[in-house]
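To start, the structure under review is shown below, and the notes come after it.
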Amino acid sequence: RQVLLGRSASESSNNSERKLLPTKPAQDMSPQPSTGGWFRWIACCKRRSDVRASDRFMQDEVMEGDAAENEWKRPQDDLEAEWKAVERTISPAEFKKVLDFRQLVSAARLDEHGACCGPLSAPHSRQASTLLRYVRARSGDLDAALELFKGALDWRLEYNLDAKLKTWDVEWKQGTSPRVQILKKYTHIMDIGKDFYGLPVYLHRDSQSDLGGIVREVGNEALLLHLIHAIEDQFSQARARMLRTGHAISNFIEIHDTGNYGVVPGYLARGFGAATFFKKYAPVFDHVYPERVRICYLVRMPTTFAAIWSIFSPMVPPETKKKLRLKGQASSTWIDDMQENMPGEIIPTFLRCEDKQVYREAVPFAGFVPEGIRAELEQEQQWHSINTQASANKVA
């Protein structure tokens, strides 16, 4: 137990009440996301192509308040509870792999890594569900998994991710900075509700997005933090559910709308405009957040999408491509499939019909980002500040 949790006996006894989960990102960061571009989200996963039966609980076994949850006797310590939940979720053979990986991680002294022991850091090296994802990402090759995991920790530390996310969270909640205003207005991602496991389902209106325009106005880092914050929120929700129910499920369903509705001009140009950002940051999503996607629906794929796919396809691992469910123009080609994995009521109306008026009213709208909009917002803020100060001086 001490090896798994990475503590001395005295530390464990003195800190049984200690909460070791990372600070949960604000719920309103989900447009809520992540998050994404044409294929940033799906390119982050290298899970084995076979779907483990141990991951696929019957839906009625994971609903809140059911018998399975009532049988869960949660240890008081969060890390110990996480290990217990993972053990009862996966097969004994795979759990043995995770145990062996934990030994390698400990021997590599990654518990002492700055990304695991910093004041804002989560104990990634001791979290069973995190280690499980890295083991799966390399199909059980523990040496390769260790290399991947260490690289992810190095990036988190070098980028100062935890501190930047904390600062970004404050800025997002305030909602007054020009870059936050732009992202909130032109975001193309939204948390539409919970699947049958109680985990968030994200809709990505890729066909409506103008990520190139967003980067032009707010820069790469703001967009990156925006997307990563949503991913962190997904995992935070998954961990909270795991500790509550005793079932460890840490991958998610995404719906990518690629339909060319003719509402936002420049379909192909906007798609190609997203490529630069994702080519640069695809390795971050792949290495830092592996094994994140469970199912990825691509719906209303037009023939012109083939040109965009030819650019993004090399970024998507072969194993990940097997998780893609490519659908045609009609909602009848996907609606039954989706309803097997999520409640029908969370599926947006525009994905349940072929009504052009509904298409025009669908959210998130995203849309074309006007050039120079950030400068305009900054100028408005400057004038507002000047007028406020002038009024204050007049009163004085």
Side-chain angles (χ1 to χ4, degrees), residues 31-43 182-192 201-217 223 226-227 253-279 282 293 295-316 320-321 323-338 346-371 373:
Q32 110 300 22
S34 155
T35 142
W38 295 101
F39 281 95
R40 182 211 49 79
W41 294 89
I42 55 178
I182 291 170
L183 282 167
K184 286 190 174 184
K185 181 173 182 179
Y186 295 100
T187 187
H188 70 290
I189 54 180
M190 183 172 68
D191 180 349
I192 62 174
V201 177
Y202 278 93
L203 168 66
H204 307 259
R205 300 205 69 197
D206 301 312
S207 61
Q208 298 277 109
S209 68
D210 181 15
L211 295 187
I214 289 177
V215 169
R216 182 192 66 240
E217 298 298 319
L223 179 57
H226 176 55
L227 304 183
I253 297 174
E254 295 176 357
I255 302 172
H256 290 254
D257 173 25
T258 65
N260 186 1
Y261 303 102
V263 178
V264 182
Y267 179 86
L268 283 175
R270 287 182 289 105
F272 293 138
T276 301
F277 176 83
F278 289 121
K279 283 184 177 180
V293 174
I295 301 173
C296 180
Y297 293 99
L298 274 71
V299 302
R300 294 203 166 107
M301 297 184 64
T303 55
T304 52
F305 187 77
I308 297 173
W309 174 249
S310 67
I311 294 178
F312 287 92
S313 180
M315 305 181 202
V316 184
T320 301
K321 291 177 183 177
K323 296 181 183 181
L324 303 181
R325 301 191 182 183
L326 279 60
K327 305 296 182 179
Q329 294 290 318
S331 58
S332 59
T333 64
W334 67 73
I335 193 67
D336 290 341
D337 189 341
M338 286 187 183
I346 77 168
I347 302 173
T349 303
F350 83 96
L351 292 180
R352 291 189 275 112
C353 69
E354 280 69 46
D355 187 315
K356 293 183 178 180
Q357 181 60 35
V358 174
Y359 294 165
R360 287 190 288 269
E361 297 172 353
V363 295
F365 183 79
F368 185 78
V369 181
E371 187 171 357
I373 187 173

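Throughout, residue positions are numbered sequentially from 1 according to the sequence presented.
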Please work out which of the three classes, parallel, tilted or perpendicular, describes the rings of His204 and His256, given edges at 30° and 60°.
->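 If you compare the ring of His256 with that of His204, the planes turn out parallel.
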So how far is it from [X] [atom1] to [Y] [atom2], rounded to the nearest 0.5 Å?
X: His188; Y: Leu203; atom1: NE2; atom2: CG; value: 9.0 Å
X: Leu183; Y: Glu217; atom1: CG; atom2: CD; value: 11.0 Å
X: Leu298; Y: Asp257; atom1: CG; atom2: CG; value: 9.5 Å

Using side-chain heavy atoms (C-beta onward) and a distance below 4.5 Å, is [X] in contact with [Y]?
X: Leu351; Y: Ser331; result: no
X: Tyr297; Y: Leu326; result: no
X: Val369; Y: Arg216; result: yes
X: Met190; Y: Pro364; result: yes
X: Ile214; Y: Phe277; result: no
X: Glu361; Y: Thr349; result: no

Trace of the side chain to side chain contact (heavy atoms under 4.5 Å, CB included) decision for Glu254 with Val201 = CA-CA 6 Å; Glu254 295 176 357; Val201 177; over 6 Å; no
Report the C-alpha distance between Leu324 and Ile295 in whole Å, list the side-chain angles of each, state the deciding distance to 0.1 Å, and finish with yes or no for side chain to side chain contact (heavy atoms under 4.5 Å, CB included).
-> CA-CA 6 Å; Leu324 303 181; Ile295 301 173; over 6 Å; no
Do Arg205's NZ or CZ and the ring of Phe350 fall within the cation-pi criteria of under 6.0 Å and 45°?
->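 Yes, Arg205 lies over the aromatic ring of Phe350.
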For [X] and [Y], indicate whether the former's side chain and the latter's backbone hold a donor-acceptor pair under 3.5 Å.
X: Thr258; Y: Val299; value: yes
X: Trp334; Y: Gly328; value: no
X: Thr333; Y: Ala330; value: yes
X: Gln208; Y: Phe365; value: yes

Check step by step if side chain to side chain contact (heavy atoms under 4.5 Å, CB included) holds for His226 and Thr187.
-> CA-CA 10 Å; His226 176 55; Thr187 187; 3.7 Å; yes
Tell me the closest heavy-atom pair linking [X] and [Y], and the distance in Å.
X: Tyr261; Y: Ser207; answer: CE1-OG, 4.0 Å
X: Pro370; Y: Tyr186; answer: CD-OH, 3.2 Å
X: Ile347; Y: Met338; answer: CD1-CB, 3.7 Å
X: Tyr267; Y: Pro302; answer: OH-CG, 3.3 Å

Is the shortest distance from a Lys or Arg side-chain nitrogen in Asp210 or Arg270 to a carboxylate oxygen in the other one below 4.0 Å?
->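 Salt bridge flag = no for Arg270 with Asp210.
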Name all residues meeting the salt bridge (Lys or Arg N to Asp or Glu O under 4.0 Å) criterion together with Asp337; count only those two or more places apart in sequence or in a different chain, and write none if there are none.
->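 Scan of Asp337 (salt bridge (Lys or Arg N to Asp or Glu O under 4.0 Å), adjacent residues dropped) gives Arg325, Lys327.
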Mind checking salt bridge (Lys or Arg N to Asp or Glu O under 4.0 Å) for Glu354 and listing every partner two or more places apart, or none if nothing turns up?
->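 Salt bridge (Lys or Arg N to Asp or Glu O under 4.0 Å) check on Glu354 returns Arg300.
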